[in-house]
2 protein chains.
Amino acid sequence: MKIGDLAKLTDTRVETIRYYEKEGLIPAPSRNSGNYRVYEDAHLKRLSFIRRSRDLGFTLEQVRTLLKLADNRDASCMEVDTIAAEHIVEIDRKISDLTLLRDQLVLSVDRCQGDTIADCKIIEALAPARMK
Amino acid sequence: MKIGDLAKLTDTRVETIRYYEKEGLIPAPSRNSGNYRVYEDAHLKRLSFIRRSRDLGFTLEQVRTLLKLADNRDASCMEVDTIAAEHIVEIDRKISDLTLLRDQLVLSVDRCQGDTIADCKIIEALAPARMK
DNA sequence: TATTGACCCTATAGTAACTTCAGGGTGCAT
DNA sequence: ATGCACCCTGAAGTTACTATAGGGTCAATA
Ligand SMILES: [Zn+2]
Ligand SMILES: [Zn+2]
Ligand SMILES: [Zn+2]
Ligand SMILES: [Zn+2]
């Protein structure tokens, strides 16, 4: 498998794969005669794991930890469970933050009549309300 | 007003204010004899606008645009309204993305019995499901 | 008066997770 | 032999700041 094939299979950009290699997240694959990277199935599995974790919002640092833990088949999964649980809390906070500011924006958009800047409720919502 | 005062009033770090100045978002203020920045009320207003916009999730580029538009008191606010409306759509998408992955995480955390890595449902949820 | 401490200055580098760019090879088909 | 898709490396750019190094200013205090 060449890097472009792996990229397609995992929906990842070629540059990102090289970046993961440089970061030590994926082992350096062997090379063919033309110095092209040649990947095996294990690389595909590992990259898939990384991408799925990233899609779920884990940081690369967390992915690094998860990969290490995942390699230890007989160990307890307690630490994994903790990381996931904490991450859910984090996501919940993000969602409620976003919901709050969404509501504030909707409020001002609804109040605007499409008049001039001087009367725009959106601009008003951005102006000096915050000085504490 | 010195930079520290402005920082406190707007809940902004001093370094951030200098950064905004370098980025051209805030006009360079005059200096006192000791080369300290001296701010006027107009600076406070402008910085408040910027911070409020950032709090609402607009990018600095959008803030730049909003500032320009806001200066034109007699112009129509149509463009402002459009930017805000688009931003709401963006936030909505972010919220639903986060909700989706939150649900996926909760599902796998719920299914995990705290056993070994080999049987962990969370690890399972991260493994090769994605290869398309 | 000398010194302390809080505050200010500039310039540069670091952060996360990539993406882009410059400048070049490889491999296959026409 | 030449075009084209694909590959290579190394360095710099991206966003919105934050941190660090190395140094001035100023008002109060010992
Ligand atoms: Zn997290
Ligand atoms: Zn309006
Ligand atoms: Zn937006
Ligand atoms: Zn588990």
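Proteins come first, then strands; the chains are lettered A, B, ... in the order of their sequence lines, and each starts at number 1.
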Round to the nearest Å and state the distance from Asn32(A) atom CG to dC7(D) atom C1'. 9 Å
Between N or O atoms, less than 3.5 Å apart, protein on one side and nucleotides 8-11 of chain D on the other: list the pairs.
| residue | atom | partner | partner atom | Å |
| --- | --- | --- | --- | --- |
| dC8(D) | OP1 | Arg37(A) | N | 2.9 |
| dC8(D) | OP1 | Arg37(A) | NH1 | 2.9 |
| dC8(D) | OP2 | Arg18(A) | NH1 | 2.6 |
| dC8(D) | OP2 | Arg37(A) | NH1 | 3.4 |
| dC8(D) | O3' | Arg31(A) | NH1 | 3.3 |
| dT9(D) | OP1 | Arg31(A) | NH1 | 3.4 |
| dT9(D) | OP1 | Arg31(A) | NH2 | 2.9 |
| dT9(D) | OP2 | Arg37(A) | NH1 | 2.9 |
| dT9(D) | OP2 | Arg37(A) | NH2 | 2.7 |

Taking 4.0 angstrom as the limit, do Arg102(A) and Asp92(B) come out as a salt bridge? yes
For Ile50(B) and dT15(D), what is the distance between atoms CD1 and P respectively, to the nearest whole Å? 16 Å
Test side chain to side chain contact (heavy atoms under 4.5 Å, CB included) applied to Leu67(A) and Arg46(A), step by step: CA-CA 8 Å; Leu67(A) 280 169; Arg46(A) 198 171 173 89; 3.7 Å; yes
Rounded to the nearest angstrom, tell me the gap between atom CG in Asp5(A) and atom C1' in dC6(D). 10 Å
By nearest-heavy-atom nucleotide on DNA chain D, the more 5' of Lys2(B) and Glu61(B) is Glu61(B)
Tell me the interatomic distance from Glu23(B), atom CD, to dA16(D), atom C1', rounded to whole angstroms. 9 Å
Given dT26(C), is OP1 or OP2 found less than 4.0 Å from the side-chain N or O atoms of Ser33(A)? no
Do Arg51(B) and Thr12(B) get their side chains close enough for a donor-acceptor pair, meaning under 3.5 Å? yes
Could you state the CD1-P distance from Ile17(A) to dC18(C), rounded to the nearest angstrom? 12 Å
May I have the distance from Leu25(B) (atom CG) to dC17(D) (atom C1'), rounded to whole angstrom? 12 Å
Counting only heavy atoms not in Met78(B), do more than 12 sit closer than 6.0 Å to its CE atom? no
Heavy atoms of Tyr39(B) and Lys2(B) approach each other most closely as CD1-C, 4.1 Å
Rounded to whole angstroms, how far apart are CG on Leu6(B) and P on dC7(C)? 15 Å
Is the shortest side-chain N/O distance from Thr16(B) to OP1 or OP2 of dT18(D) below 4.0 Å? yes
Write down the distance between CZ (Phe58(B)) and P (dC17(D)), rounded to a whole number of angstrom. 15 Å
Is any side-chain nitrogen or oxygen of Tyr20(B) closer than 4.0 Å to OP1 or OP2 of dC17(D)? yes
Of Leu25(A), Thr16(A), Asp55(A), Ile17(A), the residue whose pairing with Ile50(A) passes side chain to side chain contact (heavy atoms under 4.5 Å, CB included): Leu25(A)
With a 4.5 Å heavy-atom cut-off, do Pro29(B) and Glu21(B) have their side chains touching? yes
Does dT20(C) have OP1 or OP2 under 4.0 Å away from a side-chain N or O of Arg13(A)? yes
Presence of Tyr19(B) side-chain N/O under 4.0 Å of dT15(D) phosphate oxygens OP1/OP2: no
